[in-house]
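Structure record follows, encoded as structure tokens.
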Amino acid sequence: PDEASLNREAAKKLLIPEITVDTFLKLGEGDVHVVIDALFGSGLTRERPLSDLMTKIILHLNHLRSTGTFVLSVDLPSGVDATTGAVSNAAVNADLAVTFVRTKAGQMSHP
């Protein structure tokens, strides 16, 4: 099985719900208390701008955070270049980012 399948199965075992993009984009204030941002790996670069859909998802996630949802990013916030810290079209404004293996240079760079 591929990595996405393994992650999906692990989430199911932990009773972490998986929802569709359409359902996510309909969530409002108070509908969700915690969101785990794991949209991309650390390979996202400024040369590969986010699609319109990914930008819409990130902007909605930031809106949910502004209304009290806690946002945890895995490795680094989606939309941030791991090497330079540059932001693509948009970036997740996470409450906390948990990184693995090593600190990414982009985590220490502005913005």
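All heavy atoms count here, side chains included; hydrogens, waters and symmetry mates do not. Sequence positions, counted from 1, serve as the residue numbers for this chain.
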Non-hydrogen side-chain atoms of T99 and L76 separated by less than 4.5 Å: no

Heavy-atom closest pair (A91 atom, V87 atom, distance to 0.1 Å) is CB-CG1, 3.6 Å

May I ask whether L14 and L6 are part of the same hydrophobic cluster, defined by side-chain heavy atoms of I, L, V, M, F, W, Y residues being less than 4.5 angstrom apart, directly or through others? no

Under 4.5 Å between side-chain heavy atoms, hopping through other hydrophobics if needed: is there a path connecting F70 to I16? no

Answer yes or no: is there a side-chain heavy-atom contact under 4.5 Å between V98 and V74? no

Are L59 and M54 co-members of a hydrophobic cluster defined by side-chain heavy atoms under 4.5 Å apart? no

Full working for side chain to side chain donor-acceptor pair (under 3.5 Å) between D52 and T55: CA-CA 5 Å; D52 290 343; T55 299; 5.4 Å; no

Which pair of heavy atoms, one from N93 and one from N62, lies closest together, and at what distance? N-OD1, 2.7 Å

Non-hydrogen atoms of G79 and L50 that approach each other most closely: CA-CD1, 4.3 Å

Backbone N/O of D37 and side chain of S73: donor-acceptor pair under 3.5 Å: no

Full working for side-chain contact (heavy atoms from CB on, under 4.5 Å) between H60 and L27: CA-CA 9 Å; H60 188 65; L27 293 174; 4.3 Å; yes

Joint cluster assignment, I19 & V21, ILVMFWY side-chain distance < 4.5 Å: yes

